[in-house]
Amino acid sequence: MSIEVRSVSKQFGDFHALDDVSVSLPTGQLTALLGPSGGGKSTLLRIIAGLEDADAGTVEIEGRDATRLPAQQRNVGFVFQHYAAFKHMSVAKNVAFGLEIRKVAKEEVRARVDELLRLVHLEQFADRRPSQLSGGQRQRMALARALAVRPSVLLLDEPFGALDAQVRKELREWLRHLHDEFPVTTVFVTHDQEEALEVADEIVVINAGRVEQVGSPDSLYDAPASAFVMSFLGPVTTLDGALVRPHDVELVAPGHGTGGRVARITRIGFEVRVEVRTAAGRTDLTLTRSAARARGIAVGEQVEVALVAGATSVPAPGAVARELLPAR
Ligand SMILES: Nc1ncnc2c1ncn2[C@@H]1O[C@H](COP(=O)(O)OP(=O)(O)OP(=O)(O)O)[C@@H](O)[C@H]1O
């Protein structure tokens, strides 16, 4: 294991930012810390980096107890959302900075900077100033700078958070490829479930200072441990007291499902969203545009809905409490 976090707790005043958190991150793995804002992701990353002290628990990096080590001695690279570049230096000089203060020989610095700029696809921008780069290019420069000193661990705190949706998408594909080519143990913080599902080998879901679930993107998606995890990973609806995904609900022949009335139909791109009012409440389902056209569906129509075979479901929050109420 490359990073072992054991029973880490952190309080700010009487607020528990992290409550007995343990995670193991294997060498070479790309891990996403995923969760809602304020859940404690950045605090955990900062504790791993040594930028924040834990109140209790230990952090081990590459087999070495790092709990009391200062940040400079942990051999970690760090990239924040708003990366502070040296404005008066060229891109190449920014990347070389960490090597120069470590007094690495000039020839070696040049070779390593060239290699890194190629790796982050910025070789033609070596002589530009950071202000002459786009936001996405600047974050790639930040990654090259963090990688320059050959850290054993790379920590990224919402590295693409400040960029627009299209650039984020490009950069996360690029990060995945970079990691495949250059497999440094990497932990990145995100609140974007799509980003985590697409990029990470493993996802740690963090909510309210606790680890909710750890697993591969597939295992989290197919077997969410709680309603929280399932609803955080994508759209959900309810059917017969269970939390399910709208694309796992289908229209079935009379007598084969739960009856209801179509209350609303919304067409968004290739998807058609259908809201059905049942005796128990509301069930949403999604159809492709062509399936909806083939079947022909209209507001006010009586339909029956059921789960497709193999659908994922967890008990809906509040379902038990509702069932315990006397029927009116
Ligand atoms: N230095 C601090 N002093 C007081 N409270 C803090 C401090 N740092 C973090 N917190 C609080 O701890 C909680 C967790 O913060 P943290 O930044 O770890 O969350 P996060 O999951 O990374 O959220 P976000 O995605 O919004 O950054 C928040 O409620 C935050 O306000």
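Note that ligands are numbered from 1 as they come in the structure, with each ligand's atoms numbered from 1 the same way. Every heavy atom of this structure was used, including side-chain atoms; hydrogens, water molecules and symmetry mates were not.
Under the ring pair (Phe, Tyr, Trp, His ring centres under 6.0 Å) criterion, the residue pairs touching residues 193-232 are Phe228-Phe232, with sequence neighbours excluded.
In summary, the side chains of Thr190 and Glu195 do present a donor paired with an acceptor at a separation below 3.5 Å, with no hydrogens or angles considered. Between the side chains of Ser216 and Glu202, no donor N or O sits under 3.5 Å from an acceptor N or O.
The Ser42 neighbourhood of ligand 1 comprises atoms 17 (O), 18 (O), 20 (P), 22 (O), 27 (O), with distances under 4.0 Å to a heavy atom of that residue. Heavy-atom contacts of Pro36 reach the following atoms of ligand 1: 21 (O) (cutoff under 4.0 Å). Each of the atoms 12 (O) of ligand 1 lies under 4.0 Å from some heavy atom of Ala17. Which parts of ligand 1 touch Ser37 is read off a 4.0 Å heavy-atom cut-off, strictly below it: atoms 23 (O), 24 (P), 25 (O), 26 (O). Contact atoms of ligand 1 toward Thr43: 14 (C), 15 (O), 16 (P), 18 (O) (distance under 4.0 Å to a heavy atom of the residue).
Around atom 25 (O) of ligand 1, the closest heavy atom drawn from His191, Lys41, Gln11, Lys10 belongs to Lys41.
Where the criterion is an N or O separation shorter than 3.5 Å, residue side chain and backbone included, Gly40 meets it with respect to ligand 1. Residue Gly39 places at least one N or O, backbone or side chain, under 3.5 Å from an N or O of ligand 1. Note: no N/O pair closer than 3.5 Å links Phe12 and ligand 1 by distance alone.
Ranking protein heavy atoms by distance to atom 12 (O) of ligand 1, first place goes to Phe15 CE2, 3.5 Å.
Within the structure, the closest approach of Gly209 to ligand 1 does not fall below 4.0 Å when heavy atoms are considered.
A salt bridge links Glu107 with Arg110; the closest basic N to acidic carboxylate O contact falls under 4.0 Å. Salt-bridge annotation for Asp201 and Arg176: present, with a side-chain N of the basic residue lying under 4.0 Å from a carboxylate O of the acidic one. With salt bridges taken as basic N to acidic carboxylate O contacts below 4.0 Å, one links Glu275 and Arg277.
Apart from Val252 itself, the hydrophobic cluster it occupies contains nothing, where clustering links Ile, Leu, Val, Met, Phe, Trp and Tyr at side-chain heavy-atom distances under 4.5 Å.
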